[in-house]
2 protein chains.
Amino acid sequence: MLQTRTGKRTGAASVKIAVDMVKEKLITRREALQRIAPEDLTQLLLPSFAPASRKGVAVLSKGLPASPGAASGRLCFSAEEVVERAKVADAEWEKEKRKKDKSKRTPKETFLLVRTETSPEDVDGMHHAAGILTSTGGMTSHAAVVARGWGKCCIAGAGDLQIDAKKRTVSVDGRKFSPNDVLSLDGNTGEVLAGRVKATVPEKISGDFATVMKWADEIATLGVRTNADAPADAKRARDFGAQGIGLCRTEHMFFDPDRIIRMRQMILAETQADREKALKKLLPFQRKDFIGIFTAMKGLPVTVRLLDPPLHEFVPHDAESQKELADELGVPVQKIKARVAALHEANPMLGHRGCRLSVTYPEICVMQTTAIVEAAIACKKKRIDARPEIMVPLIGTKEELRQLRELIEETIVKVKKAKKYTGKLNIPIGTMIEIPRAALTADEVADVADFFSFGTNDLTQMTFGYSRDDVNTFLPEYLKANILPNDPFQSIDVDGVGQLVDIACRKGRTTNPKLHLGICGEHGGEPASIRFCHQVGLDYVSCSPFRVPIARLCAAQAVLEE
Amino acid sequence: MLQTRTGKRTGAASVKIAVDMVKEKLITRREALQRIAPEDLTQLLLPSFAPASRKGVAVLSKGLPASPGAASGRLCFSAEEVVERAKVADAEWEKEKRKKDKSKRTPKETFLLVRTETSPEDVDGMHHAAGILTSTGGMTSHAAVVARGWGKCCIAGAGDLQIDAKKRTVSVDGRKFSPNDVLSLDGNTGEVLAGRVKATVPEKISGDFATVMKWADEIATLGVRTNADAPADAKRARDFGAQGIGLCRTEHMFFDPDRIIRMRQMILAETQADREKALKKLLPFQRKDFIGIFTAMKGLPVTVRLLDPPLHEFVPHDAESQKELADELGVPVQKIKARVAALHEANPMLGHRGCRLSVTYPEICVMQTTAIVEAAIACKKKRIDARPEIMVPLIGTKEELRQLRELIEETIVKVKKAKKYTGKLNIPIGTMIEIPRAALTADEVADVADFFSFGTNDLTQMTFGYSRDDVNTFLPEYLKANILPNDPFQSIDVDGVGQLVDIACRKGRTTNPKLHLGICGEHGGEPASIRFCHQVGLDYVSCSPFRVPIARLCAAQAVLEE
């Protein structure tokens, strides 16, 4: 008797074998699709360290493999530092590119953002970093979620790192590293490596991979969209086969240094008139962003979510930054401190955010709608087929959506009139279903919604009563004791959260048979959850650009399993 | 034609008229019960300022009538101050009581707690105060909820008060008041009055009031229990006709100065052994509390809820108190600061609390169960019919309750054995239904539960995604815009939260037809919500002692409305 073991194949091999076997008529296309493990495709899409290049490199620490991929770079200890150093590197790279002999070019400098944890204020720096390394937080921490969304390598919760952000050093395993030292992150294993390791660049979707994707699309009934907030991400997702944007968040658009100051001005305003003045200055930025995204996705739907996070995420919380802001705006620092204190919430997840902001500050909703409609008209005038959809977050009652829909529709009419645009726009208006009450009363809500998009991250938080930011205090014990079969933020909880999704789909379609149904939570890119989405009858899933091919395969497999 | 208007009758008059009309055979008992407005009874149960005694007294400010009643007293600006001054007043009153001539006695000094807002650390001081006055917070702020639970007068959110806790003064309407000045609070109107106003002591349940209550009980099918954490409250509720305790919170029991130190020791412990050591010292306190409550409620059920709040509510958050604690425990203050920081949560409402504490620290559950069982045995040995029920809070999955039930049952067996008690105890073990997921999967949960008690405060928070502590940032606008017909924390939201209650009742009874069903959220004392509880088929409501007679009347009215 021979001892056997499952051979470990690379993603590329797994795809090639499947296609070859079909060519040789050993298996059918359907069988081929069923033989490919969805996660195998990850390797085809993200950079990774080839085992050979890792040889002899010291492993300094092991954290959670929060977002796959591989990255090396010099160390930055604040978001601002990444932005600044990346700008310098960009300028140098422009010079290098002028050298005709490619072999003589100095490679472009890359950076890692090294932090205890990250927060929304760091997003700009995270975006400019090649990889992110944190010493605290779990698989659903801010750093992990944002990085996965971008397909950016991230290691979270590497607890034995001692990060001194003031001295700009990180100590681990008896060694100390400074800003000019280089570390490498293996996002597939969570390993932090000393020095630079050469990464293998991923295959594009071509050859056998493209063949498999074509087969999958022929069988799948569930559509696949992407979550993307910037033209570059949108384009990449489109290259990966996304059939539209299912979630375009608008909050990240405000963190750019030119913009955050206007946002803060708006938040600090004491009257509606002052708020409108600050918002007016934000409008051109938003319009430009939307033109970029609509252009990248021309001919495909782009679901834009109105502002969602609580306002305190946009204001500085430390004394130094508050002082800076006061100087910049020419107001007493006490005023800033008072406003920040007033915005403080005991449970921000359950606080003044989502559509509640649009109800209390309708001018924000009006500005965002105006930017969307103006961008759509600008595109149409250039014969670019822009297809925006407006999504209102955090709806809990029909009346909230009815009133906001009225405001949005009025604004669309006004902007068309102001721009003297007489063509058709057809902008669907819908809502995220992320509050249990909205799912339970979906028949009422669907009466004023063109579409539902399940925000299963928040729906999971509220259905379980788990805060994603705090769940790591007990989740590991829950998994160990088999109270939960897996992390419900990674794979959808079919019995509880899934039940609400099912209730909402069925009830919603009773009053609105044309209701379009999708999902835009992180679950939209996870195989078991995608299977559930197919079974429950959703029209599409929306996921990170890098998970689009995985979702296309899973959508086909869900049909084949029936 | 004559001009008519609804005559304003006092509660006493309304009851008397109803009884008189029955005596004169003008109306039936059923009609009489339907004619009494439930809120009219409030006046019969709490002290109030007679209009005559208020004459000429200046109204300084108007806040929210957060908890009805009336109180006068000198001003205390911290919980500790109330406790200290009340102790002195108690001692002086003991001396006064020795005077045989009652007219020569100096009346007992009373105190008002005056704070910007209150937190759980203030509970001891709140308990010793005659009334509570805050400058911030709404009808569901900490001060308001705790005060209503105790039937203690409270005015919340009197925003024009300027409270200087350091200087111990409160300024309002151009006047400044110091610790020895007296103010009066009218909890029925929210008015803050200058100086002392004579309060009218309420009628006991006797005479016509008792007659009406007897008629109500004959018709009602819904039982009425009370929420009470102390023997005095339990006794009062029993006098008001409560048929048991539906919610005995155990966390308030830890805030007494003798006990909080042990609790903090437990929280700071680094090993299970150290935690058990600290818990062992808390055990006798808990046992004593339970003996008191079981004795006061002998023959009636007492539903004890295991520890619910997150541990950070028990540790000091300001530097000074942290230093004091460090000195008291003989540990470096850094250790305390580090533990407090580690306990911090982004969204404590959705954090490490409720049964999650029992899963991660089973020794807390064991200590509390031991105290309950030892207390029951001690009572039984004195022929006091103790009837405890153990309620596990915040269950979200069947497996959580299955494992904790096993631990509780094992502990009961162990304690009986250790105490050599061979009699029957019959302690039902059940859960609160306050997490949407528990309601949705109630058929599974009921398989391991003897009873469900709907915790509609938290269920409302999670079903709507509203934090009770933060909801005042947008709720007023929601009510103004008619998005919500009323505050869902005051009157149950039948369409959403009520739907979950209904689902849980129906599903729960499919797997466990004997399942006992109750409600212990604040809604249990609110007329419209009580009607809903009757319609949905609950066995009982549980409410504050002072709302028990109101609930008895409402329970009868619900039958009569059918």
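In this text, all values refer to a predicted model and were calculated from it rather than measured experimentally. Letters A, B, ... mirror the listed sequences (proteins, then strands); counts begin at 1.
In this structure, the side chain to side chain donor-acceptor pair (under 3.5 Å) partners of Ser529(A), at least two apart in sequence or on a different chain, are Glu526(A). Glu434(B) is linked by a side chain to side chain donor-acceptor pair (under 3.5 Å) to nothing, counting only residues two or more places apart in sequence or in another chain. Taking the salt bridge (charged side-chain N to carboxylate O under 4.0 Å, His left out) definition, one finds that Arg402(B) meets it with Glu399(B), Glu406(B), sequence neighbours left out.
With respect to chain B, the highest number of heavy-atom pairs below 4.5 Å among Glu477(A), Glu345(A), Lys480(A) belongs to Glu345(A). Among the candidates Gly396(B), Ala438(B), Ala481(B), the residue making the largest number of heavy-atom pairs closer than 4.5 Å to chain A is Ala481(B). Interface remark: of the candidates Met462(B), Arg468(B), Arg437(B), Met349(B), Arg437(B) forms the most heavy-atom pairs closer than 4.5 Å to chain A. When the candidates Thr473(B), Leu357(B), Asp469(B) are compared by the number of heavy-atom contacts under 4.5 Å with chain A, Thr473(B) comes out ahead. Options Gly465(B), Pro476(B), Ala342(B) differ in how many heavy-atom pairs under 4.5 Å they form with chain A, and the most are formed by Gly465(B).
Using a 4.5 Å cut-off between heavy atoms, Gln499(B) contacts chain A through its side chain alone, with no backbone atom that close. Residue Ile503(B) touches chain A through its side chain alone, counting heavy-atom pairs closer than 4.5 Å. Neither the backbone nor the side chain of Leu343(B) comes within contact range of chain A, judged by heavy atoms closer than 4.5 Å. Residue Thr463(A) touches chain B through both its backbone and its side chain, counting heavy-atom pairs closer than 4.5 Å.
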Which is it for Thr397(B) and Phe464(A) under the side-chain contact (heavy atoms from CB on, under 4.5 Å) test, yes or no, and what are the steps along the way?
CA-CA 9 Å; Thr397(B) 70; Phe464(A) 272 95; 4.2 Å; yes
Taking it one step at a time, do Phe474(A) and Val359(B) satisfy side-chain contact (heavy atoms from CB on, under 4.5 Å)?
CA-CA 8 Å; Phe474(A) 58 88; Val359(B) 170; over 6 Å; no
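Looking only at side-chain heavy atoms (C-beta outward), Asn347(B) and Asp470(A) come within less than 4.5 Å of each other.
Residues from residues 486-495 of chain A that place a non-hydrogen atom less than 4.5 Å from a non-hydrogen atom of chain B comprise Asp493(A), Asp495(A), given in numerical order.
Summarising the geometry of Pro348(B) relative to Ala346(A), their closest heavy-atom pair is CD-O, 3.4 Å, with the distance given to 0.1 Å.
The environment of CD in Glu409(A) is crowded: more than 12 heavy-atom neighbours from other residues, nucleotides or ligands sit within 6.0 Å.
Residue Ile483(A) is tested with Lys398(B), Arg356(B), Gln403(B) for a side chain to side chain contact (heavy atoms under 4.5 Å, CB included); the sole match is Gln403(B).
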